[in-house]
Each structure stands twice: as C-alpha cells, then as structure tokens.
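Computed from heavy atoms alone, side chains included, the values below leave out hydrogens, waters and symmetry copies.
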Amino acid sequence: MPEITYVQGDATAPQGKGVKVIAHVCNDLGGWGKGFVLAVSRRWPEPEAAYRRWHRERAGNDFALGATQFVQVSPHVWVANMVGQRGMRRGSKGVPVRYEAIDTALAAVADRAEALGASVHMPRIGCGLAGGTWDRIEPLIEKRLAGRGIAVTVYDYA
C-alpha cells in the first residue's frame with residue numbers, strides 16, 4: 001500500500017511524472033481569498049472562476065459540503081475544489097473544518113485519480129484557516145487515497 005510522502009515545497013508545483021490532481025479545501029460560502037487558494041489563483045485563474053460560478057449557480061447543481069469540483073488547468077494537472085469547511089470563522093460552533101465533508105470529498109478525488117491514473121498532491125488540507133488537525137485528516141487520506149493504491153504527496157511550504 002502506498003504511503004503518504006511528505007515534502008518541502010509548493011503544492012501548486014506538484015513533483016513527479018504523469019497526471020496529477022491537486023486537492024484543497026474550500027468553504028461553503030463562496031469565499032475565495034485567503035490561504036492556499038491564493039497560491040492556486042496566482043498560478044491558474046480557472047479554479048477560482050469555476051468555484052465562484054459553481055457557488056453562484058448552486059441552486060441548480062451539487063455545491064454543498066462534501067462536494068468536489070474538478071478543474072483541468074493543463075493537459076496533466078487537475079485542481080480539486082473540495083467543499084470541506086462550514087463558513088470561514090471560528091465561532092460558537094467551533095472551527096470551520098468538517099471532517100465528514102472532507103472524507104466524502106476525498107472519496108470523489110480517489111475515484112477521479114483512479115480514472116485518470118493520477119497521483120494526488122495537496123498542502124495539509126483542512127489544517128490552516130479551516131482549523132482542523134492533521135491527526136484527524138491524515139487517516140482520512142490514508143483510507144480514501146493511499147488505501148486504494150493512489151500515490152499522495154503532501155507539501156509543507158517552507
């Protein structure tokens with residue numbers, strides 16, 4: 001079973017050969033303006049535009065916690081916009097991260113990665129602005145991705 005590989009670097013510049021899916025967590029409010037999404041937008045405009053359109057047209061699509069949108073940004077790179085946080089701020093209901101939603105989204109990422117023959121690349125999803133903890137996220141990645149034989153690289157930005 002492949003393990004998760006940890007590297008220093010930028011998840012928007014995924015390492016290795018072949019098709020790659022870059023997975024990251026978005027909120028359920030349509031907001032895109034802090035955290036890893038800024039790095040995504042600096043490299044490609046399409047994921048932000050697609051996410052904002054997906055949210056704007058949510059009455060007629062699947063936009064919700066746990067949903068994943070796949071945006072192809074080059075012949076061999078896809079970005080997975082995973083809706084895995086409720087709102088954007090810590091409050092009376094705790095941190096924004098929703099582990100169940102991330103788990104559901106990772107299952108969709110695994111299906112797409114398998115279909116594409118792709119590896120999956122990500123920062124430590126759900127652990128920045130979303131307020132999650134890696135000891136809760138890592139087992140989800142192990143189960144949903146590595147457990148299905150999909151190579152995963154997690155990037156710690158220096």
Side-chain angles (χ1 to χ4, degrees), residues 4-16 20-58 61-74 77-110 112-113 118-146 150-158:
I4 299 170
T5 302
Y6 293 88
V7 299
Q8 289 289 319
D10 180 356
T12 67
Q15 302 174 9
K20 299 167 193 73
V21 175
I22 299 170
H24 72 104
V25 171
C26 302
N27 63 68
D28 65 348
L29 297 178
W32 181 292
K34 289 185 177 176
F36 182 71
V37 298
L38 295 178
V40 171
S41 290
R42 275 193 297 274
R43 195 166 294 266
W44 310 284
E46 299 91 349
E48 178 181 358
Y51 169 78
R52 290 186 184 279
R53 185 171 48 254
W54 188 32
H55 177 264
R56 191 173 51 252
E57 298 170 0
R58 67 192 176 279
N61 64 39
D62 67 343
F63 185 95
L65 280 170
T68 305
Q69 177 189 53
F70 296 93
V71 182
Q72 190 169 13
V73 294
S74 79
V77 179
W78 293 75
V79 172
N81 292 332
M82 304 186 304
V83 184
Q85 72 181 69
R86 165 85 64 205
M88 292 185 264
R89 293 188 171 79
R90 296 169 193 254
S92 61
K93 292 187 169 48
V95 295
V97 70
R98 294 296 180 264
Y99 297 107
E100 308 77 25
I102 291 174
D103 188 44
T104 299
L106 286 170
V109 169
R112 182 62 61 98
S119 54
V120 176
H121 304 258
M122 64 183 72
R124 290 188 187 242
I125 58 170
C127 295
L129 298 171
T133 62
W134 192 245
D135 66 335
R136 297 267 315 265
I137 301 281
E138 186 182 47
L140 303 177
I141 296 165
E142 288 171 344
K143 178 178 87 175
R144 293 292 184 187
L145 297 166
I150 298 163
V152 178
T153 303
V154 174
Y155 296 76
D156 288 313
Y157 193 73

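For F63 and W54, the ring centers sit closer than 6.0 Å to each other.
Under a 3.5 Å cut-off, the side chain of H55 and the backbone N or O of L29 do form a donor-acceptor pair. Checked by atom type and distance alone, the side chain of N81 pairs as donor or acceptor with a backbone atom of P47 at under 3.5 Å.
Closest heavy-atom contact between A64 and V83: O-CB, 3.3 Å. Minimum heavy-atom separation, A101 to G84: CB-CA, 4.0 Å. Of all non-hydrogen atoms in A67 and D62, the two that sit nearest each other are CB-O, 3.3 Å. Shortest non-hydrogen contact noted between G33 and L38 is O-CD2, 3.4 Å. Smallest separation of non-hydrogen atoms from V97 and G131: CG1-C, 4.3 Å. The minimum heavy-atom distance between Q15 and Q8, with the atom names listed, is NE2-O, 4.0 Å.
Between the OH atom of Y155 and the OG1 atom of T12 there is a distance of 9.5 Å, given to the nearest 0.5 Å. T104 OG1 to R98 CZ: the interatomic distance, rounded to the nearest 0.5 Å, is 13.5 Å. Here the straight-line distance linking atom CD1 of I102 with atom CE of M82 works out to 6.0 Å at 0.5 Å rounding. Rounded to the nearest 0.5 angstrom, D103 CG and R136 CZ are separated by 10.5 Å. Here the straight-line distance linking atom CG of L140 with atom CD of E100 works out to 9.0 Å at 0.5 Å rounding. Rounding to the nearest 0.5 Å places CD1 of I150 at 12.0 Å from CD1 of I141.
Counted within 6.0 Å of CZ on R52, heavy atoms from surrounding residues, nucleotides or ligands total more than 12; the atom is thus considered enclosed. The environment of OH in Y6 is crowded: more than 12 heavy-atom neighbours from other residues, nucleotides or ligands sit within 6.0 Å.
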Test log, rule side-chain contact (heavy atoms from CB on, under 4.5 Å), inputs M122 and V152: CA-CA 8 Å; M122 64 183 72; V152 178; 4.1 Å; yes

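Side-chain atoms of H24 and V37, non-hydrogen and from C-beta on, do get closer than 4.5 Å to each other. Between P14 and I22 the shortest side-chain heavy-atom distance falls below 4.5 Å. A heavy-atom distance below 4.5 Å is not found between the side chains of N27 and P96. R144 places none of its side-chain heavy atoms less than 4.5 Å from the side chain of V120. Between V79 and E46, every side-chain heavy-atom pair lies at or beyond the 4.5 Å cut-off. W44 has its side chain out of reach of V71: every pair of non-hydrogen atoms, C-beta onward, lies at least 4.5 Å apart. In this structure, the side chains of R124 and V154 come closer than 4.5 Å at one or more pairs of heavy atoms.
The aromatic rings of W32 and Y51 sit tilted relative to each other, their planes meeting at an angle between 30° and 60°.
Sorted by first and then second residue, the salt bridge (charged side-chain N to carboxylate O under 4.0 Å, His left out) pairs involving residues 28-43 (not counting sequence neighbours) are D10-R43, D28-R86.
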